[in-house]
Amino acid sequence: MSAHDGAPDVRLPAGGAPVACVDIGGTKVAVSVLDPRGIRGRLVEPTAKEGASDALAQQVLRMLDASCAAAQVRQGDLAAVGVASCGPFVLNQGCVELAAPNICGGLAGAARGLPNAWTTAVLEAPLRAVFSQVRIENDGIAALEAERRWGALQGLEHCAYVTWSTGIGVGLCVDGRPLHGKNGNAGHAGHMFVSDNKDALCGCGNIGDVEALVAGNAMPRRFASCGFADAAGLLEAARTGDAQAVLLVDDLCRVMGRALYNLVVTLDLQRISLGGSVFWHHRDYLLPRLQAQLSGRLPALTDGVELVPAGLKDKVGDYAALALVA
């Protein structure tokens with residue numbers, strides 16, 4: 001990958017077979033090809049959420065074809081396809097399908113407003129029908145690996161990556177080993193119950209979990225009646241000193257900060273790297289408020305623990321998919 005904005009320059013060795021990188025989120029899908037010249041043919045589209053339950057897989061296949069064409073790479077020459085995707089995952093005959101709250105409308109029902117009734121989105125089987133080497137990981141785990149290789153978690157054996165974005169994603173590493181779990185779903189700490197707040201319906205069907213309370217798509221659902229139509233508007237208002245916005249964002253940081261504290265004391269972590277659009281665009285305002293939820297609490301476990309911005313900045317998703325195949 002060509003260096004940009006201080007990000008590392010990652011390239012395949014001369015003569016190395018090209019690989020494809022796919023980043024699937026609740027809002028967008030990004031696809032690119034990496035070869036010895038760097039990353040090329042990058043395409044971004046809104047995540048497919050209409051049609052049959054394989055619509056997302058068909059979108060990825062179409063985007064891979066277009067990305068290869070733009071990069072002037074033959075699709076048949078791809079050595080591997082790495083997919084970093086939001087989850088949770090479920091396995092169907094050994095292949096990953098997504099039970100993703102911000103994609104599958106059948107999980108929480110019509111109240112969430114998603115334009116489908118999917119309980120899972122088919123993903124791996126259609127990709128394997130075309131490509132022989134496909135590696136799919138939860139995007140939090142993939143981002144953790146990218147941050148450990150090239151970002152703010154290099155050299156650490158007890159650490160986590162947390163994204164605060166459309167949803168809440170987490171990748172965890174203890175004793176130098178990334179945690180995966182039985183279906184690759186370790187790190188779904190965004191679905192920890194923390195409240196009985198009835199205005200906080202998560203896309204997974206939970207009421208009052210972390211994601212339902214603080215995720216980027218939760219803020220307009222919860223606070224539109226207060227005049228804040230989206231996360232950016234709420235956070236900008238807080239930054240400029242709007243009293244109501246300050247109180248609301250302080251409460252969001254209390255929930256999110258306590259979730260980070262729970263990860264630290266449960267897993268005895270050294271550092272947590274933070275990314276995602278909600279956090280990244282307001283990191284100078286949010287970071288000290290999150291750190292305050294750790295500082296001084298149970299010093300035996302929290303002293304010296306750092307919350308830091310992602311070393312890969314707002315490109316974590318691209319590097320996450322890359323880390324799976326490069």
Taking [Y]'s backbone N and O only, do any of them form a donor-acceptor pair with [X]'s side chain (distance below 3.5 Å, no angle check)?
X	Y	value
T119	G106	no
S195	N197	yes
Q270	H158	yes
R149	A323	yes
R177	C173	no
R222	L213	yes
Q59	P46	yes
S132	R128	no
N116	K49	yes
D209	A212	yes

Check whether any side-chain heavy atom of [X] lies under 4.5 Å from a side-chain heavy atom of [Y], and answer yes or no.
X	Y	answer
L98	T120	no
N206	H191	yes
W280	V316	no
N183	V90	no
V83	E137	no
Q133	L78	no
E145	Y319	no
L234	L252	yes

Side chain to side chain contact (heavy atoms under 4.5 Å, CB included) between V33 and I39, intermediate numbers included: CA-CA 6 Å; V33 173; I39 195 162; over 6 Å; no
Distance in Å, [X] [atom1] paired with [Y] [atom2], rounded so as to fall on 0.5 Å steps:
X	Y	atom1	atom2	result
R258	C253	CZ	SG	12.0 Å
L301	L269	CG	CG	10.0 Å
T47	N102	OG1	CG	9.5 Å
D242	L235	CG	CG	11.5 Å
L274	L260	CG	CG	6.0 Å
L127	R135	CG	CZ	15.0 Å

Does the distance from a Lys or Arg side-chain N to an Asp or Glu carboxylate O, for [X] and [Y], drop under 4.0 Å?
X	Y	answer
E157	R271	no
D199	R221	no
R254	D251	yes

Between [X] and [Y], is there shared hydrophobic-cluster membership here, with clusters defined by ILVMFWY side-chain heavy atoms closer than 4.5 Å?
X	Y	result
M256	V308	no
W150	V325	yes
V122	V134	no
M219	L114	no
V265	V174	yes

Using every non-hydrogen atom in the two residues, find where [X] and [Y] come nearest and quote the distance to one decimal.
X	Y	value
Q291	V305	NE2-O, 3.5 Å
L153	Y161	CD1-N, 4.3 Å
L286	F279	CD1-CA, 3.9 Å
V29	M63	O-CE, 3.5 Å
G15	P36	N-CG, 3.9 Å
E211	A218	O-CB, 3.7 Å

For [X], does the [atom1] atom sit with more than 12 other heavy atoms under 6.0 Å from it, leaving out its own atoms?
X	atom1	answer
D284	CG	yes
E45	CD	yes
Q154	CD	yes

Checking side chain to side chain contact (heavy atoms under 4.5 Å, CB included) for the pair L107/W118: CA distance, chi angles, key distance, verdict? CA-CA 7 Å; L107 298 175; W118 309 339; over 6 Å; no
Ignoring hydrogens and angles, state whether a donor on the side chain of N185 or N138 is under 3.5 Å from an acceptor on the partner side chain.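 The criterion, which ignores hydrogens and geometry beyond distance, is not satisfied for N138 and N185.
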Is it true that S32 and S67 share a donor-acceptor pair across their side chains at a distance under 3.5 Å?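 Absent: no donor and acceptor within the cut-off.
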Donor-acceptor contacts, no H, no angles, side chain residues 16-25, under 3.5 Å, sequence neighbours left out:
none

Can you check side chain to side chain contact (heavy atoms under 4.5 Å, CB included) on V162 and L263, steps first, answer last? CA-CA 10 Å; V162 175; L263 294 177; 4.2 Å; yes
The test is side chain to side chain contact (heavy atoms under 4.5 Å, CB included); show your working for Q293 and L307 and say whether it passes. CA-CA 11 Å; Q293 298 299 318; L307 303 181; over 6 Å; no
